[in-house]
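Lettering of chains follows the sequences in order, A, B, ..., and the numbering in each one begins at 1. Keep in mind the model is a prediction, meaning the values are calculated, not measured.
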Number of protein chains: 2
Amino acid sequence: MREDPATPGRRYRGIAAGQRQEARRQRLLDAALACFGTQGYHATSVRALCAEAGLTERYFYESFANSEDLLRAVYETLVARLRADMAAMADRPDSVDAVLGVYFGAIEGDPRIARILFFEVLGVSPAVDQLYRQAMEDFAVLLADLIGPAGGDGTRRRIVGDGLVGAVVHIAMRWTLGHFGTPRPQVVAICADLLRAMGMADRRA
Amino acid sequence: MREDPATPGRRYRGIAAGQRQEARRQRLLDAALACFGTQGYHATSVRALCAEAGLTERYFYESFANSEDLLRAVYETLVARLRADMAAMADRPDSVDAVLGVYFGAIEGDPRIARILFFEVLGVSPAVDQLYRQAMEDFAVLLADLIGPAGGDGTRRRIVGDGLVGAVVHIAMRWTLGHFGTPRPQVVAICADLLRAMGMADRRA
DNA sequence: CGATAGTGACATGGTTTGGTGTCAGAAACC
DNA sequence: GGTTTCTGACACCAAACCATGTCACTATCG
């Protein structure tokens, strides 16, 4: 058990201790995506996570304090990746459609991501709720910047941002629940229309 | 134990058996609102519910199969009441503001309701998710009818409805998380603006 | 009054979980 | 080769929980 990740430690199968530990951590993150994204967070035990990762409980507690800690980690990973991919589209001419395309594409590509983002993370604990809150706030800022400059005061701006996020997230949620019955480009186009209309309401005020 | 609620049974303290049973059921529903709405669903045991209701476990299983069953019941009760109150405002001249006023008023009036509607009910089980799905669908229809006749095809109409619901619910959720920092009429007014703008986007298509 | 249905407090069994500990064997170092 | 670190399988324990059962006591009915 490496208490200090800085010390190199003994190599094992040609791999340094720190790298082995990091690899185990990554396998647990993958297992979390698999378990939380299919069975759900509350239906997943530490044992199940370890079995999925092909590791034993000892290595679980090496990287995470408990299963909520792992949930936070996997959520943060997913949100960060999604956010970076969306931000990369922000200065395109068709930025609204491009950003939404990334978002809906990620969800369609891996429904387990959708489940974690939309369901599993809610109502778990105050700490997780705080994380969710922050992610939604960031998302709101991103979308608000996307649809143009603000019109009203700060309060109005913030509420409109919440509305934007809510519309997008809920449409995406319902789209996944309907098992992607509508083609993605069509959903993206309608959603983009909506956002632009909401942005006009913001500026008109 | 009354297996058949139709048989009158012996009166007790001047109350018929069926009425006593119904009273116990109601007390459990109240306890569920109190416990699920403050501690949360997953942190609430059957024992805690019974203690809150002032009943013993036996009477719990008289009316509900398990604690998820009770969650479904209390959720359905809350949604039905909210829906009826909102529908009663649908034919007013200022229907959009009136309906939203009812919605936001209910949440502000009892934050436990908000917690159950927004958080506790999510990610519990497929059966509960199905209930949530249905409630959101009904809400979408109500809001879509509110903002006027449809413009595009059915698919577009449905997606726009999802967007309406998402915007309202998410604004309400964020409003509760911010502990009602913004006055309700202001939130309602902005939200109503947004809905009308989204309705125009729908008709323009 | 006596019998019975109803009630409430509590006991019990069986299962699951989180978190820790043990221990034999494999891989690396000297 | 001998020692040490690392690994993986599994045992263990206390706690919590669900669901059912027991039993004395009370109100009602005949």
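- Residue pairs meeting the ring-ring contact (aromatic ring centres under 6.0 Å, His included) criterion with at least one member in residues 154-176 of chain B, sequence neighbours excluded, are B/Phe104-B/Trp175, B/Trp175-B/Phe180.
- We find that CG of B/Leu55 is positioned 7 Å from P of C/dG8, with the value rounded to whole Å.
- Distance B/Gln19 CD to C/dG6 C1': 16 Å, rounded to the nearest Å.
- Pairs passing the salt bridge (Lys or Arg N to Asp or Glu O under 4.0 Å) check and including a residue from residues 167-181 of chain B, sequence neighbours excluded, read A/Glu137-B/Arg174, A/Asp162-B/Arg174.
- What separates OH of A/Tyr59 from C1' of D/dT5 is a distance of 10 Å, to the nearest Å.
- The list of side chain to side chain donor-acceptor pair (under 3.5 Å) pairs with a residue in residues 101-125 of chain A, not counting sequence neighbours, reads A/Glu68-A/Ser125, A/Glu108-A/Arg184, A/Asp110-A/Arg112, A/Arg115-A/Glu120.
- In this entry the distance linking CZ of B/Arg27 with C1' of C/dG8 reads 12 Å, nearest Å.
- Computed from coordinates, the B/Glu62 CD to C/dA5 C1' distance equals 13 Å when rounded to whole Å.
- With sequence neighbours excluded, the residues satisfying side-chain contact (heavy atoms from CB on, under 4.5 Å) with A/Ala106 are A/Leu82.
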Query raised in the report: Could you write nucleotides 18-30 of chain C as a row of B, S and -, 5' to 3', where a protein heavy atom under 4.0 Å of any base atom gives B, of only sugar-phosphate atoms gives S, and otherwise -?
Result: BBB-----BBBS-

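- Residues meeting the salt bridge (charged side-chain N to carboxylate O under 4.0 Å, His left out) test with B/Asp85, sequence neighbours left out: none.
- Counting heavy atoms from C-beta on, the side chains of A/Leu143 and A/Ile147 never come closer than 4.5 Å.
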